[in-house]
Every structure is written in structure tokens, then in C-alpha cells.
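First the structure, in the form of C-alpha cells, and then the observations on it.
Atoms within a ligand are numbered from 1 in the order they appear, just like the ligands themselves.
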Amino acid sequence: MTSTTVEGASGQRPLGVAVLGHGTVGAEVVNIIREDALDLQERIGAPLELRGVAVRDASSDRGIPAELLTTDAEALVRRDDVDLVVELIGGIELPRTLVRAALDAGKSVVTANKALLAAYTGELAEAAESHNADLYFEAAVAGAIPVIRPLTQSLAGDRVDRVMGIVNGTTNYILSAMDESGADYETTLAEAGRLGYAEADPTADVEGFDAAAKAAILASIAFHTRVTASDVYREGMSSITAADLTSARALNCTIKLLAICERIPGREGRDRVSARVYPALVPREHPLATVAGAFNAVVVEAQAAGRLMFYGQAPGERPPHPP
Ligand code: HSE
């Protein structure tokens with residue numbers, strides 16, 4: 001195994017990493033940092049050094065040196081030799097406290113904790129900005145599709161008016177399969193479960209909770225404000241019938257579960273934000289109508305950049321579906 005401390009080869013100051021949580025993802029991140037250290041160093045330009053892993057129970061054997069384990073996550077994130085904190089503990093209030101502590105201390109943070117971000121993206125983004133720290137959460141919305149960075153960085157000098165898209169792969173798989181086959185919702189949901197496209201409990205997806213959380217994150221960063229999942233108007237798609245899709249077809253439309261985040265111009269520059277998730281009629285010629293299967297697509301409308309579209313596979317281990 002490669003050593004965790006690959007010092008000095010590049011002459012660069014090492015980047016100290018703290019990992020919060022050692023579940024499935026945390027363990028994998030720790031493995032990558034320890035085993036791919038040289039490769040990471042080449043790509044990053046500085047050695048990555050694992051400073052510690054915060055766990056609830058430091059007594060169990062986790063296959064990593066005992067001196068790296070700690071139950072004091074707050075002390076770990078504040079350590080002077082920690083530059084980057086990877087939050088993988090899940091939940092909301094504890095990670096909020098730890099991510100705030102890290103950002104307030106000027107550390108960069110990586111998290112894909114959608115529940116945390118759906119409640120606190122605005123607050124955490126403000127903390128990051130005021131302490132000149134970086135907050136990365138690209139994986140929280142639309143899987144590997146790069147949509148967060150364009151909103152937070154590429155379009156930082158532009159004015160975004162609308163972010164709209166299909167941000168839930170499960171429901172897009174079901175709706176497009178219903179559209180193609182004419183089958184009803186229950187039959188298509190059961191088939192989606194058998195094929196691995198839908199969870200055993202699909203409530204968060206089909207009732208729009210997952211999309212509402214993502215809409216809150218997108219609205220918060222697009223409009224530099226604080227939007228939480230509970231601020232988002234939400235309607236699921238479980239009541240859509242085969243007959244609804246037939247009617248949509250007659251209008252040359254299809255039905256998609258859309259997340260729509262818009263800036264509503266107000267008086268004296270006091271704009272408002274509208275964020276909503278609901279099954280919408282989408283004209284067949286609209287780019288979002290062609291997004292089929294477990295795919296996501298996000299359209300961003302900005303004043304200078306115009307209309308941009310980001311498209312790709314939704315997160316999750318699913319069989320591939322032809323676009
Ligand atoms: N269940 C989500 C989806 C993936 O179907 O898109 C996790 O965000």
C-alpha cells in the first residue's frame with residue numbers, strides 16, 4: 001500500500017484532509033486518499049495527507065491506523081494542519097455545525113449531503129464567501145453533470161433569471177416509459193423497481209421531495225439567497241395516468257416532473273424567487289421533452305450567456321438507458 005504521506009516530492013506544501021464519517025462512502029474516500037496518493041498528487045500538484053477520520057466509535061477495527069481515528073470531529077476540522085474537510089456523516093444539524101466550523105476557520109469543504117444543502121446552502125455559501133473558503137457540492141444535484149460550478153463560478157458575473165430542469169432520474173424514467181408504452185403508473189413503477197431504476201420505497205422520488213431539495217439548492221446558488229426545501233412548492237407525479245399522457249400527446253406535448261426556479265422582478269430592485277416542482281406539460285419540440293430514461297437535464301437562462309443546457313445520466317447505480 002502507498003504511504004499516506006507522500007511529502008515533498010513536488011516541493012509543494014501538503015494538503016491536509018479530514019474525513020468526517022467512515023461509512024461506505026467515507027471508507028472509499030479514505031482508501032482513495034491512501035492508495036492513490038501519488039496519482040492524486042500528480043493531478044492536484046501537491047501531496048494529499050490524511051490528517052484524521054472522525055467516527056462515532058473509534059474502538060472498532062476499520063483497517064486504518066488508530067492514530068487517525070477520532071471521535072472529536074469539531075477539534076479535527078479546526079486543526080491547523082487541516083485544509084480540506086470532506087463531510088460524509090449524513091443528517092443535518094451535526095454536519096451543519098461541523099461544516100460551519102470548518103468554513104469559519106477558512107477550511108474548504110466538500111459535501112454531497114443533499115439534506116444538509118437543501119436546508120442550508122444559502123447559509124453555508126455565505127459563510128464560505130465571507131471566510132474566503134471553498135464549498136464544493138457538485139455531486140448533490142444531477143450526479144456527475146457539472147451544473148453547480150457553472151452557476152457558482154462560470155456565471156458569477158452574469159445575472160441568472162431561470163434554472164429549470166429534470167433533476168430526478170427515477171421519475172423521468174417512469175414518465176418517459178409511460179409515454180413510450182402507454183402503460184399505467186403502477187405497472188411502470190413496478191417494472192422500474194424490477195429493473196433497478198426505482199427504490200423499494202420510491203416516495204422521495206415520485207412525490208417530488210428529492211427534486212424539491214435539489215430545486216432549493218439550485219435556487220440558493222443561482223439567486224444568491226437562502227431557499228430551503230420547505231420553501232419549494234411541491235407536487236409529485238404519482239397521480240399521472242396513462243390517459244394524462246395520451247392527452248398530452250394530443251397537444252404535441254409530453255409530461256415531465258420539472259423543477260423550476262425563477263427570479264421574479266420586483267419593485268425597486270427587490271426581486272423575489274419562485275421555486276416549484278410539479279409534473280408539467282412540455283412541448284415536444286422543447287429540449288427537455290427529448291430527455292428520456294434515467295437522465296437529468298438542467299436549462300439555465302442568464303442575461304449575457306443566454307440559454308445553456310446541461311445533460312447527463314442521473315446519479316445511482318442503474319442499468320444504462322439509451323438516450
Ligand atoms: N433518487 C434520485 C434520482 C437520485 O432518481 O434522481 C439521488 O438524487
Worksheet item: Is Arg226 salt-bridged to Asp231, cutoff N-O under 4.0 Å?
Response: no

Worksheet item: Between Val141, Ile166, Asn296, Thr170, which one has a non-hydrogen atom sitting closest to atom 5 (O) of ligand 1?
Response: Thr170

Worksheet item: Judged by modelled atom types alone, do Tyr173 and Glu191 share a side-chain donor-acceptor pair under 3.5 Å?
Response: no

Worksheet item: Is there a donor in the side chain of Thr203 and an acceptor in the side chain of Asp201, or the other way round, less than 3.5 Å apart?
Response: yes

Worksheet item: Touching ligand 1 at all, Lys114? Heavy atoms, strictly under 4.0 Å?
Response: yes

Fill in: Residue Asp205 vicinity, atoms of ligand 1 by number, heavy atom under 4.0 Å
1 (N), 2 (C), 3 (C), 5 (O)

Discussion item. Under a 4.0 Å threshold between the charged nitrogen and the carboxylate oxygen, would Arg284 count as salt-bridged to Asp179?
Written reply: yes

Item to complete: Using distance alone, decide if ligand 1 has a nitrogen or oxygen within less than 3.5 Å of any nitrogen or oxygen in Lys214.
Response: yes

Worksheet item: If you measure only the distance, is there a donor-acceptor pair under 3.5 Å linking the side chains of Glu235 and Tyr233?
Response: yes

Worksheet, complete the sentence: For Asn168, the atoms of ligand 1 under 4.0 Å from one of its heavy atoms are 2 (C), 3 (C), 5 (O), 6 (O)

Worksheet item: Going by heavy atoms in the side chains, are Lys214 and Val298 under 4.5 Å from each other?
Response: no

Item to complete: Can you sort out which atoms of ligand 1 are near Gly169, meaning under 4.0 Å from one of its heavy atoms?
Response: 3 (C), 5 (O), 6 (O)

Item to complete: Decide whether an N or O pair under 3.5 Å exists between Pro315 and ligand 1.
Response: no

Fill in: Sub-4.0 Å atoms of ligand 1 with respect to non-hydrogen atoms of Asp210
2 (C), 8 (O)

